[in-house]
Amino acid sequence: MRIVFLMIILIWTVFADTSLYPKRECPLFNNLKHTYNRGDIRLDMHRTYPMLKHHKGQYLLKVEDATPQQRWVDDDCLSLRPLRGTPLYEQKTVSKKESKEKKTTTVSQNSRSKDNLLALSWHNAFCETHRYKKECKRGLFGKKRGDNTFVLHGLWPQPRNRVYCNVPKRTIIADKHKQWHKLPEPKLTEQTKEALAQVMPGLSSNLHRHEWIKHGTCYGTDAEQYFSDAIALTQSVRQSRIADFFRNFSGKRVTLQRIRELFDEAYGKGSGKSVELRCNRGMITELWLHLGSGDTLSVMLRNGKRVHSRCNRGIIDRAGY
């Protein structure tokens, strides 16, 4: 009897400490029969999930930002280790390299980053895949801020492992656990914060805090300048023929080649080669603009890194679910 009791304690301890890695974006259900998924929540490929129980080919997970937090999912949707090609595998590889180097990332506050990636989300598609987010809740008249336009995800100094510059370890841990409400508020003027709210609906989810802590601290300026630059670059695309094209062709499938042609027409020949598509469930979710040095978006794109895009075509999602 004592041996059985010890075995139960051992199994419970293993499960309590087990975090699982998503293999794909499977739905997270409220019940074992998979008949209801409040909030239409799916596995996020950028995070791990604590396993509470395994039963009949299902995992019971703890999902921090879900209501209720306990959710059921097929066990073939997760693995004990990150799979090659998934975001968490790449993140783990970068982390290993950083620990081997044993160096603290520092940056001077008077040397603005000249090699950056501007990530712009097509808000319709983002909310189609993240309906539970605050910025995706509809208002009184059925609309939400950001419908039918590009919104700012982030401005990321390159290379990709250039993150968390001069940031305390405790803050880094809070950010990696998505406890963005615990992160310090960036020092911005009221005017800049109002302008940021117009291009970054994720402000309501404290996205700006996360972006500043992880990426902005490596930009080489204060938060005011970092977000001012990001706002200006985002507005340039929102006011361009690229944004008009996305609005006019919503619901239709378009190619990377056509989008790159539009960038060449709007920002000069060769600009399109620095543009990458990001797709999910057949939809175009983001444009990634690889920027080099320069004073305008046209010059930055022409000086930017020439990239290969894994996604070559996708549907431009309409507003609404």
Between [X] and [Y], is any pair of side-chain heavy atoms under 4.5 Å apart?
X	Y	result
Pro184	Lys187	no
Asn30	Pro68	yes
Thr255	Asn312	no
Asn280	Glu25	yes
Leu301	Leu291	yes
Asp75	His54	yes
Gln70	Leu52	yes
Ile213	Val163	no

Is there a path from [X] to [Y] through hydrophobic residues (I, L, V, M, F, W, Y) whose side chains come within less than 4.5 Å of each other?
X	Y	result
Trp122	Val254	yes
Phe246	Leu233	yes
Leu203	Leu188	yes
Ile242	Val299	no
Leu262	Leu297	yes

Calculate, to the nearest 0.5 Å, the distance between atoms [atom1] and [atom2] belonging to [X] and [Y] respectively.
X	Y	atom1	atom2	value
Leu43	Lys23	CG	NZ	11.0 Å
Leu207	Ser121	CG	OG	8.5 Å
Asp115	Met300	CG	CE	11.5 Å
Leu256	Arg313	CG	CZ	9.0 Å
Ser250	Asp317	OG	CG	8.5 Å
Gln191	Ser228	CD	OG	8.5 Å

Do [X] and [Y] pair up side chain to side chain, a donor and an acceptor below 3.5 Å, judged on atom types alone?
X	Y	answer
Arg38	Thr67	no
His210	Asp175	yes
Glu286	Trp288	yes
Tyr219	Asn116	no
Thr171	Tyr164	no

State, to 0.1 Å, how close [X] and [Y] come at their nearest heavy-atom pair, and which atoms those are.
X	Y	value
Val307	Arg260	O-NH2, 2.9 Å
Asn37	Pro27	ND2-CB, 3.8 Å
Cys218	Lys214	SG-O, 4.4 Å
Glu276	Ser309	CG-OG, 3.8 Å
Ser113	Pro157	OG-CB, 3.6 Å
Phe263	Gly272	CB-CA, 3.9 Å

Q. Can you check whether Cys165's main-chain N or O pairs, donor with acceptor, with Thr217's side chain at less than 3.5 Å?
A. yes

Q. Backbone N or O of Leu120 within a donor-acceptor pair of the Arg278 side chain at under 3.5 Å?
A. no

Within a 6.0 Å radius of atom [atom1] on [X], are there more than 12 heavy atoms belonging to other residues, nucleotides or ligands?
X	atom1	answer
Glu185	CD	yes
Arg247	CZ	yes
Lys273	NZ	no
His34	NE2	yes
Arg170	CZ	no
Asp295	CG	no

Check this for me, if you would: do [X] and [Y] make a salt bridge, where the nitrogen-to-carboxylate-oxygen distance has to be below 4.0 angstrom?
X	Y	result
Arg258	Glu261	yes
Glu265	Arg241	yes
Arg209	Glu211	no
Arg24	Asp76	yes

Q: Would you please test Leu20 and Thr48 for side chain to side chain contact (heavy atoms under 4.5 Å, CB included) and show each step?
A: CA-CA 6 Å; Leu20 300 175; Thr48 58; over 6 Å; no

Q. Taking it one step at a time, do Arg302 and Ser271 satisfy side chain to side chain contact (heavy atoms under 4.5 Å, CB included)?
A. CA-CA 5 Å; Arg302 291 198 295 272; Ser271 300; 3.6 Å; yes

Q.
Tell me if the centroids of the rings in Tyr49 and Tyr59 come within less than 6.0 Å of each other.
A. no

**Q.** Geometric class of the His153/Trp156 ring pair [parallel <30°, tilted 30-60°, perpendicular >60°]
**A.**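 Perpendicular.
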
Q: May I ask you to decide if the ring planes of Phe227 and Trp212 are parallel, tilted or perpendicular, using 30° and 60° as cut-offs?
A: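 Ring orientation of Phe227 relative to Trp212: tilted.
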
Q. Salt bridge (charged side-chain N to carboxylate O under 4.0 Å, His left out) between Arg42 and Glu128: does it pass, once the steps are laid out?
A. CA-CA 11 Å; Arg42 291 177 173 264; Glu128 184 68 35; over 6 Å; no

Q | Residue pair Arg47, Asp44: steps toward the salt bridge (charged side-chain N to carboxylate O under 4.0 Å, His left out) verdict | A | CA-CA 6 Å; Arg47 63 186 285 189; Asp44 184 344; 5.2 Å; no

(Q) Using the side-chain hydrogen bond (donor to acceptor under 3.5 Å, both in side chains) definition, which of the options Asp229, Asp222, Thr221 pairs with Gln225? (A)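 That would be Asp229.
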
Q: Return the set of residues passing side-chain contact (heavy atoms from CB on, under 4.5 Å) with Leu32 (not counting sequence neighbours), or none when no residue passes.
A: His55, Gln58, Trp72

Q.
Please determine whether side chain to side chain contact (heavy atoms under 4.5 Å, CB included) holds for the pair Leu289 and Leu117, giving the CA-CA distance in whole Å, both sets of side-chain angles, and the decisive distance to 0.1 Å.
A. CA-CA 6 Å; Leu289 279 54; Leu117 192 160; over 6 Å; no

**Q.** Audit row: Leu277, Leu287, side chain to side chain contact (heavy atoms under 4.5 Å, CB included) steps and yes/no
**A.** CA-CA 5 Å; Leu277 286 189; Leu287 295 183; 3.3 Å; yes

